[in-house]
Amino acid sequence: MNIILSIGLRNLLRQKRRNILLGSGIAFGMMILVLAAAFSQGITDVLFNKVIVYMTGHMQVAVSEFDKKPVQIIRDKARMEELIRKNVSGIKDIWEDIIGFARVQGNGKSEFSIVVGLKPEPASFEGVILLEGSLADFSNGRYAVPMIIYEKSAHNLKLKLHDTIRMRMETISGQVQTASGTVVGIAKANSMFEAMTMFMPLETLKTTLGFKPWETGGLKIMLENPLESIAQADRLHAAMTAGLAVADGTLAGGGSIRILGIQTNAQSREALARACGISQAVVTNKGDLPPAFVNRKAAADFGLAPGRTIEFTHRMKYNTSPVVHRATVAGVFEGLADEHVLLLREHEFNPMILKHVPAAGKTAFTPDKSPLAGHLSREWRLLPRSGTSEELQAKMKQVNNMRYKGGVIDVRTMYESASIILKLEGALNMITFVAVLILFFIILVGVVNTLRMTIRERTREIGTMRAMGMQQKDVRNVFLLETLFLGLFASIAGVIIGLILMVILGSISMDGNSALGMLLVNGKLYFLPTFGSILGNVIFITLLTLSTAWFPARRAARLDAARALRHYE
């Protein structure tokens, strides 16, 4: 075998000009393949790990409500965090997702920007590179509203360190709110997406947007192992089955009562009207006061006859001052529970418990076999899991069209939000692969022709080797090894040239405001070569070259020794 290896290497060096030309073609193709793969992986890394994960976390719990327009808000942050920590393992951190879209005013200039709320702690600024200022000023209390902006915004707004920046943004209730802050840091943007944002303290932004201390916009979950995000999201989704929505209330003048909601679909309205012995027109009444429906026990004990106006409050989890609600008794129904029960229609009940989160009941509420039991309101509506960005968008469009005045929960991962990006990477890889495959097809035609010419020129040499006792398989292996070394050395040379070009192209500064801006990191092209990708390409090209040489090599091995020795050109 050592002799065959030696002969293969010697033959490779004998025909230098021909092999250099052929090897150059293979090296060029490998260089293009390595560059394209690294560039594609770089784009994916920027968009996926530096944009999508930053925006959504590895997992995200989003709650939508609809009033005049859809609003992203979690009313009971502590309870949702408890559910997450109980059902998700390997949590690295949980971030509050608080973002405001603002018109920002600088020194005579203005622009639209995304204002992100951050906790004043070192972990929040991982990857932030300050050109001016100090991160300490963001948390030391020296400035009432410290802000960090990127250099592009500083240039566009003509802002310098410690200048005042003014903002106008819409709150979650639809009102316009103004705020001002002090620039304590100017940062270098890693990508065009970062350049569009600026930062202010989380609690300050929450207050500006109208969030209460126990509320938040959404929760982003960072995992120790991001690859587990889909399995963890499925587990969390399964654990978030909604229970009955119940509030422990007190009627004016004393008397405890359980307050529940009744769904407002046609079947629920019909069931309620039948249970109370009234017309559906009463159930759908749009008078000054909402209709309330009480069970027979509450009506008898508290004298709640139809037509009577009642006032009541409910125990709240966070508010200390009671909020008084008013309604008109519209009907009395049988059963539902052996305690006092008051039903409100869902579109009046849900806003009540959302804005004023009820405290946990002292005892659980379990409805009896009343026909109304299946029509009671739940704590929230849980959306089905989605698998792609298209499914997620279609699902959220459906939620917006529902106009449901209650909490709609969606558990999602970075993969649903980024499936378009993953498809983009796949498309780029496929285009690159097809282009390179065409290139290599041309090159491999050259390999076949070169080997045929080589075999023809070395026919007498083949006859000599066969006459000296070399077996057919050994002759075949000589030519295969010669091609193997050519493909391997050329591929390695192509990889080295590709890596050198990456360094050169990656050091050239480009205009971040151009169409290429979304593909740049620090104003430069970003390549992300991986050992696995490069090794796979080398093996693929080498085997492809080797397989092309199989048939010419086998033909050479089958030459008759006597005829080969008599060959003359």
Side-chain angles (χ1 to χ4, degrees), residues 41-42 44-63 72-74 76-99 114-130 135-136 138-139 148 185 187 189-191 193-194 197 199-203 205-206 211 213-240 382 385-387 389 392 409-419 421-422 425 521 526 528 530 532:
Q41 289 162 356
T44 303
D45 183 64
V46 170
L47 297 180
F48 193 83
N49 295 320
K50 295 180 174 61
V51 177
I52 295 297
V53 172
Y54 180 78
M55 291 172 59
T56 68
H58 298 137
M59 291 170 52
Q60 184 182 29
V61 175
V63 182
Q72 292 283 108
I73 181 171
I74 294 176
D76 191 350
K77 179 184 68 174
R79 185 184 175 200
M80 196 60 64
E81 283 190 351
E82 181 183 359
L83 270 171
I84 292 170
R85 294 190 183 279
K86 183 178 179 180
N87 295 285
V88 178
S89 59
I91 295 176
K92 185 177 180 181
D93 202 357
I94 298 178
W95 296 345
E96 292 187 57
D97 189 15
I98 302 293
I99 296 176
I114 301 172
V115 184
V116 179
L118 292 182
K119 290 183 178 180
E121 54 189 37
S124 300
F125 297 98
E126 184 178 348
V128 176
I129 303 172
L130 284 189
L135 291 176
F138 196 83
S139 57
I148 293 176
N190 291 319
S191 68
F193 298 98
E194 286 186 345
T197 62
F199 307 107
M200 69 187 303
L202 179 69
E203 296 303 324
L205 183 57
K206 285 177 67 173
F211 288 98
W214 52 86
E215 297 173 341
T216 191
L219 292 173
K220 298 185 291 189
I221 306 162
M222 306 303 293
L223 300 174
E224 297 288 351
N225 184 2
L227 297 178
E228 294 181 352
S229 58
I230 292 179
Q232 296 283 7
D234 290 341
R235 186 186 310 165
L236 178 61
H237 182 271
M240 295 191 74
L382 183 62
R385 291 271 292 116
S386 51
S389 299
L392 178 60
I409 295 184
D410 186 37
V411 179
R412 63 187 71 150
T413 73
M414 57 184 177
Y415 294 106
E416 289 113 80
S417 303
S419 68
I421 293 174
L422 295 176
E425 182 193 19
V521 174
Y526 180 53
L528 186 64
T530 60

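The residues of the chain are indexed from 1 along the displayed sequence.
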Review point. Can Gln60 and Ile221 be said to form a side chain to side chain contact (heavy atoms under 4.5 Å, CB included), step by step?
Key: CA-CA 6 Å; Gln60 184 182 29; Ile221 306 162; over 6 Å; no

Practice item. May I have the step-by-step check of side chain to side chain donor-acceptor pair (under 3.5 Å) for Asp93 and Trp95, ending in yes or no? Key: CA-CA 6 Å; Asp93 202 357; Trp95 296 345; 3.0 Å; yes

Check your understanding: Can you check side chain to side chain contact (heavy atoms under 4.5 Å, CB included) on Ile148 and Leu130, steps first, answer last?
Key -> CA-CA 9 Å; Ile148 293 176; Leu130 284 189; 4.1 Å; yes

**Study point:** Derivation and outcome, side chain to side chain contact (heavy atoms under 4.5 Å, CB included), residues Leu118 and Ile98
**Key:** CA-CA 8 Å; Leu118 292 182; Ile98 302 293; over 6 Å; no

Review point. Side chain to side chain contact (heavy atoms under 4.5 Å, CB included) between Thr56 and Arg412: does it pass, once the steps are laid out?
Key: CA-CA 9 Å; Thr56 68; Arg412 63 187 71 150; 5.8 Å; no

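Glu203 is linked by a side-chain contact (heavy atoms from CB on, under 4.5 Å) to Glu96, Lys206, counting only residues two or more places apart in sequence or in another chain. Asp76 meets the side-chain contact (heavy atoms from CB on, under 4.5 Å) test with Ala78, Arg79, Lys317, Tyr318, Val357; sequence neighbours excluded. Residues passing the ring-ring contact (aromatic ring centres under 6.0 Å, His included) test with Phe138, sequence neighbours excluded: Phe125. With sequence neighbours left out, Leu382 forms a side-chain contact (heavy atoms from CB on, under 4.5 Å) with His237, Met240, Trp380, Ile409. Residues that satisfy the side-chain contact (heavy atoms from CB on, under 4.5 Å) test with Ser139, not counting sequence neighbours, are Pro120.
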Atom pairs and distances, donor-acceptor, side-chain atoms in residues 83-90, under 3.5 Å, two or more places apart:
unit_1: Asn87; atom_1: ND2; unit_2: Leu83; atom_2: O; d: 2.8
unit_1: Ser89; atom_1: OG; unit_2: Gln232; atom_2: NE2; d: 2.8

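Trp214 CH2 to Ile74 CD1: the interatomic distance, rounded to the nearest 0.5 Å, is 15.5 Å. The structure places NZ of Lys77 at 14.0 Å from CD of Glu82, a figure rounded to the nearest 0.5 Å.
Looking at heavy atoms from C-beta onward, Thr216 lies out of side-chain contact with Ile73 at the 4.5 angstrom threshold. Side-chain contact between Met222 and Ile94: absent, with no pair of heavy atoms (C-beta onward) separated by less than 4.5 Å.
Without hydrogens or angle criteria, His58 side chain to Leu223 main chain gives a donor-acceptor distance under 3.5 Å. Side chain of Arg385 to backbone of Val411: a donor-acceptor contact under 3.5 angstrom is found. Remark: the backbone N or O of Asn225 is not paired with any side-chain donor or acceptor of Glu228 at under 3.5 angstrom.
Heavy-atom minimum distance, Ser229 versus Met414: OG-CE, 4.1 Å. Considering every non-hydrogen atom in both Gly57 and Lys220, the closest pair reads N-CD, 3.8 Å.
More than 12 heavy atoms of other residues, nucleotides or ligands lie within 6.0 Å of CD in Glu224, so this atom counts as buried by the packing criterion.
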